[in-house]
Amino acid sequence: MKRFLQELIRRQLRAGTVHRDRSVTAAAKKMHLRQPAVTLQIRNLQTLAGR
């Protein structure tokens, strides 16, 4: 359970970066990830949040 919560927090922080930059591509570059990976993480967070 602890690992799940840590991963959830990481995903939320990444989603916050996207929100702040207003661009998935720009946020992905800052996080040294590819845009599709960030998009997938956001979709997973939305699923967990029930959206």
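In this text, all values refer to a predicted model and were calculated from it rather than measured experimentally. Count residues from 1 along the sequence. Only heavy atoms go into these numbers, but all of them, side chains included; no hydrogens, no water, no symmetry mates.
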hydrophobic_cluster_shared for Leu33 and Leu40, side chain cutoff 4.5 Å: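 Shared cluster, no.
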
List in chain and number order the residues that pass side chain to side chain contact (heavy atoms under 4.5 Å, CB included) with Arg34, two or more places apart in sequence or in another chain; answer none if no residue qualifies.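 If we apply the side chain to side chain contact (heavy atoms under 4.5 Å, CB included) test to Arg34, skipping adjacent residues, the hits are Pro36.
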
Mind checking salt bridge (Lys or Arg N to Asp or Glu O under 4.0 Å) for Lys30 and listing every partner two or more places apart, or none if nothing turns up?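 Lys30 satisfies salt bridge (Lys or Arg N to Asp or Glu O under 4.0 Å) with Asp21 once adjacent residues are dropped.
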
First locate atom CG of Asn44, then atom OG1 of Thr39, and finally report the distance between them rounded to the nearest 0.5 Å.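 Result: 11.0 Å between the selected atoms.
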
